[in-house]
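These notes are about the structure you will find just below.
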Amino acid sequence: MEAMVTPSRTPFSPFLSSQLKPIPKPNLHLHSPIPSPPPKDAAASSASAFTLQQTKEIHSHIIRTQFRPTNILPAQSSPQAQLNFLITSYIKNNTPSAALKLYAHMRETAASPDNFTVPSVLKACAQLSSLRHGMEIHGFVIKAGFPWDVFVNNSLMQMYSDCGSLVFATKLFDEMPDRDVVSWSTMIRSYAWCKLFDEAIELVREMLLSGIRPSEVAIINMLNLFADVGEFTKGRPVHTYLIKNSARESPSVNVTTALIDMYVKCGSISAARRVFDRMEEKSTASWAAMIAGFIRCRDMGTAMELLIEMRHNHVFPNEITMLSLVIECGSIGNLELGKWLHAYILRNGFRMSVALGTALVDMYCKCRDLRSAREMFDLMDGKDIAVWTAMIAGYAHTNCIKEAFDLFTQMKDANIKPNEITMVNLLSLCSETGALDRGRWIHACIDKQGIEMDVVLTTSLVDMYAKCGDINAAYAVFTQTTDRDVCMWNAMINGLAMNGYGEETINLFMEMEKVGVRPNNVTFIGVLRACSHSGLVEEGKQFFSFMEHDYGLVPKVEHYGCMVDLLGRAGHLDEAHELIRRMPNEPNVIIWGALLAACKVHKNPKLGELAAKELLKIEPHNSGYNILLSNIYAIDRRWSEVAEVRKSMKDTGIKKMPGMTAIEVNGVVHVFVMGDASHPQSKKIQAMLSEMQEKLKRAGHVADTSGVYLNIDEEEKETVLNYHSEKLAMAFGLISTPPRTPIRIVKNLRVLNKPQLLTPEL
DNA sequence: TAATGAAGGT
């Protein structure tokens, strides 16, 4: 690997290189201090599950009082038992890193972890996919000399499997003196998780042979698993087993429901229907699974019919049924059915719980009907953080900056404290729109409000800083945390790649390997992109081959896209074309677009024409591709063909989409299109543009007009260049910021391709 | 048990 990246050194910014500190060594003993206690006493009582806030309060109380009895936990509980309880509570509240910190604290004090602690903290490791922490705990178990315990052993297997180390899990399984049904299920699950279905099925067979009867839970787990991986044929043996066994005892309603769910998720609605029709007794859940199946395959008529039929059979949908159907509907984005369900809910007098209301708001957002979402939202009473967040997420995903931040302000006025999820949504909005100042502000809010920095939130921060161009801030956030999962590495790797740090990207990739985080498809996109932008052709080819042969990751069309880009940028156009012809997947617009872009740069109209025509085959009405084709003709000065394309565009009503550029000044995002005179400060901008042009001319700059493919004379072309949206944004930036302020403009192609997003309905 | 969240190719 080392040898591979050395050959052609790419020039990279010495500035960043000096900034990039080595990744801190993993802190094996987790010495991080326990967070300082909030000044509240633990007043909450009764509930069996505590909220995160309550957990933290109890935590600080226990630490403060040296395990004196509280009014919440049983007074006679040992320190171990109390801490175990807190660890479990942190995990239930989805804050595994807090659980691990608490465990580290136990190790330092007299309250030594016992075999109730270990399975809990292993679960936390699994949630964080932190193999390193998991192994540390395994080491502790061995050193502490616990008596062998099947429960602990199963937890270890589970942890290894969730952290991607099937080898260790298998080793533990093979060496177990005594296996229970959970051990088998865990191992089967692990194999199936790695898509080793044949091995998983073989293990099912072995389990049955060894006389272990799968428990009902084990069968349901298996079915859920096959459902998750969407492998239909592989699930069959479980079905066969059930049928064979049904002579003795018929499967329970829960098992059959899981079976229906599996068939539905594997895309076989007819098999699901057959099982469903044969059921003697159907529960609410069975009906719900069946109806969700018809929603999923967009057969709304049958879905509605079944919902009505269900009531004739005296099985009544409950709030949960409706909840799951609304969620399903949102995930396929079917507005019509969503509205029908909403009406159905109102007509039939279901209790409109906050959860159901939230699901409806979310459904409308996912169907891009923000107006209805907002209506529902405004109607709701007792709004909690989830609804506010769902609504903010709706605005965030449609790039409605103003609405999202306005709502955020209103939420705080209503005394609702934002949580990690709220912040993640706002940050992703900042990333998409390049709003660095707002992003920094959100970062400050997170610190000020003491919001838990979990993996997802940290990843969002890294991503925001990287996409907004502040790579040093991204790196600072990245290095400040020790629990990094593959997504966080990917955010940093792709961030470096995106900002042009080819060599650093590759180094970081190797660092990731070293600490034992397994790269995935997305990781390789970043690495290949880095090679592409830095002209590391040979390295890129090697990584491409590595990913398949050394990591067992089948390159997807995305990776081919990177490779076409890599080869194309380097001018190896024919090789790129050859790769497209050889690829097993159907080339899409990205692939042909990459080839076309390369043909433009390297002036190969012949291949470019081919690519443009392929693009138009896929999307005949895309104005962008029509423009590109006409530009290709223009390179060859084939003006009559240029005119033809333009005429056919005009005839079919295709309009050229305006290029747009955004700039953030004092927290406000200004968007410019080409020749835009609508800005209030337009006059000043024009004056600044003239000044810029004068200065450039005096400095001897000659505009490169070869990229403007209109049949007009050179002087006019220059005018067109001068009114580009980028220049307008740049000029605006110059007049509205103090001298020497860095100016950051954003051209977001994704925004460009979705013009409707910039003109929200509201 | 069932409502809100992260990484990606021109």
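From a predicted model like this one, the values you see are computed outputs, not experimental measurements. Note that these values count all heavy atoms, side chains included, but never hydrogens, waters or copies made by symmetry.
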More than 12 heavy atoms of other residues, nucleotides or ligands under 6.0 Å from NZ of Lys282(A): is that the case? yes
Rounded to the Å, how far apart are Asn494(A) CG and dG8(B) P? 6 Å
Whole angstrom is fine here: how far is it from CG in Asn520(A) over to C1' in dA6(B)? 13 Å
Spell out, as yes or no, whether a donor-acceptor pair under 3.5 Å connects the side chain of Thr481(A) to the backbone of Val477(A). no
Side-chain donor-acceptor contact under 3.5 Å, Ser283(A) with Ser286(A): yes
With a 3.5 Å cut-off and just heavy-atom distances, do the side chain of Asp454(A) and the base of dG5(B) make a donor-acceptor pair? yes
Specify the separation, in whole Å, of atom CG of Asp485(A) and atom C1' of dA6(B). 8 Å
For DNA chain B, determine which residues of residues 566-592 of chain A have any heavy atom closer than 4.0 angstrom to one of its atoms, and list them numerically. Asn588(A), Ile590(A)
Contact list please: residues 556-563 of chain A against DNA chain B, heavy atoms, distance less than 4.0 Å, in numerical order. Lys556(A), Val557(A), Glu558(A), Cys562(A)
Mind checking if Asn521(A) touches a base, just sugar-phosphate, or nothing, with heavy atoms under 4.0 Å? nothing
Could you check how far CE of Met391(A) sits from P of dG5(B), rounded to whole Å? 13 Å
Are the side chain of Thr505(A) and the backbone N or O of Tyr501(A) linked by a donor-acceptor pair below 3.5 Å? yes
Hey, is CG on Asp378(A) packed in by over 12 heavy atoms from elsewhere, all under 6.0 Å? yes
Does the pair Phe524(A) and Phe544(A) meet the rule for a ring-ring contact (aromatic ring centres under 6.0 Å, His included), with working shown? CA-CA 8 Å; Phe524(A) 278 97; Phe544(A) 189 67; 9.4 Å; no
Indicate, with a heavy-atom threshold strictly under 4.0 Å, whether Ala359(A) touches base, sugar-phosphate, or nothing. nothing
dA3(B) base to Thr358(A) side chain: any donor-acceptor pair below 3.5 Å? yes
Tell me: CZ of Phe408(A) to P of dT4(B), nearest whole Å? 19 Å
Which part of the nucleic acid, if any, lies within reach of Ser324(A) when heavy atoms closer than 4.0 Å are counted: base, sugar-phosphate only, or nothing? nothing
Ile385(A) near the nucleic acid: base, sugar-phosphate alone, or nothing, with a heavy-atom cut-off under 4.0 Å? base
Looking for any heavy atom pair under 4.0 Å, which part of the strands does Ala355(A) touch: base, sugar-phosphate only, or nothing? base
Could you tell me how the ring of Phe405(A) sits relative to the ring of Trp441(A): parallel (under 30°), tilted (30 to 60°) or perpendicular (over 60°)? tilted
Under-4.0 Å side-chain N/O to phosphate OP1/OP2 contact, Lys366(A) with dA3(B): no
Quickly work out the Glu452(A) CD to dG5(B) P distance and round it to whole Å. 19 Å
Any donor-acceptor pair under 3.5 Å from Arg351(A) side chain to Glu319(A) backbone: no
Closer than 3.5 angstrom, by distance alone: can the side chain of Asn494(A) be matched with the main-chain N or O of Gly526(A) as a donor-acceptor pair? yes
